[in-house]
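Data block below; observations after.
Just so you know, these numbers use all the heavy atoms, side chains as well, and skip hydrogens, waters and symmetry mates.
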Amino acid sequence: MKQIIKIGLLAAILVACNSSDKSKTDDVETKSETTVETTPEKDYSSYKEIDSDEALIATALMAAPKESRANCKVIGYNMAGDFVTFREGDNQFIVLVDDPKKDGFNAACYHKDLEPFMARGRALRAEGKSASEVFDIREEEVKSGKLDIPTGTTLHIYYGKNTLYNPETSEVAEAKLRYVVYMPWATSESTGLPEVPIAANHPWIMNPGTHRAHIMISPINE
């Protein structure tokens, strides 16, 4: 008899607990269902390795504005490891292909007036100069007038960790675009821009007060 009474009391307690907590439980489950999202993985099965000069050119052109790609000059290291001009161009852009000997993917498109500055950097790196040495040498050469960086000229960088690309669209898997606008000697005070980004995709000024001061616009990390 005592056993029956105990079972009856236990059942009554459980019913009471379930009734009092039901609204809380339902609320938590609803929140969980509405906030948990699944992001489908992209299918890269149709993508292939960048393994030819033609693929280097096609993928690098993705760094340039779409309407300008047909007439860009294209330069860079070919699959054999030689620095070459893949083709001449007749618009304002020069496209630099990804270096196939380096990890990841990094192609660029920049205004042709930046070529002396870019070429000088390539030459100094070929001599074995470090990044800081290249910076200091070009700083002095810009100050002396030997080298010029026209204010407002742009650099577009198409980059990512992957070296797979879509042969149909030339898109590189998971690659993103970053934009640079050169403003020699500019500072946060002269531009009104912060020296660090305040949020994703917001412009900021990098290397302020130097020859290499530039407005940086980084992509949103999804």
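The 12-atom threshold is not exceeded at CD of Glu168, counting heavy atoms of other residues, nucleotides or ligands nearer than 6.0 Å.
Side-chain contact check for Arg178 versus Met216: some heavy-atom pair is nearer than 4.5 Å. In this structure, the side chains of Phe93 and Arg69 stay at 4.5 Å or more apart for every pair of heavy atoms. A heavy-atom distance below 4.5 Å is found between the side chains of Ile50 and Leu56.
A cation-pi arrangement is found for Arg138 relative to Phe117, the charged atom lying closer than 6.0 Å to the ring centre and inside a 45° cone about the ring normal.
Hydrophobic cluster membership is shared by Met206 and Trp185, with clusters built from Ile, Leu, Val, Met, Phe, Trp and Tyr side chains linked at under 4.5 angstrom.
Between the CD atom in Glu49 and the CG atom in Asn162 there is a gap of 7.5 Å [rounded to 0.5 Å].
Partners of Arg120 by side chain to side chain donor-acceptor pair (under 3.5 Å), not counting sequence neighbours, listed by chain and number: Glu141. The ring-ring contact (aromatic ring centres under 6.0 Å, His included) check on Tyr165 picks up nothing, with sequence neighbours excluded.
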Under 3.5 Å, sequence neighbours excluded: what are the donor-acceptor pairs made by side chains of residues 74-84?
| from | atom 1 | to | atom 2 | distance (Å) |
| --- | --- | --- | --- | --- |
| Asn78 | OD1 | Ala80 | N | 3.0 |
| Asn78 | OD1 | Gly81 | N | 3.0 |
| Asn78 | OD1 | Asp82 | N | 2.9 |

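Between His214 and Tyr182, the ring-plane angle classifies as tilted under the 30° and 60° cut-offs.
Between the side chain of Asn91 and the backbone N or O of Ser68 there is at least one donor-acceptor pair closer than 3.5 Å.
In this structure, Pro208 and Ala213 approach most closely via the heavy-atom pair CA-CB, 4.1 Å.
Between the side chains of His111 and Gln92, not a single donor N or O lies within less than 3.5 Å of an accepting N or O.
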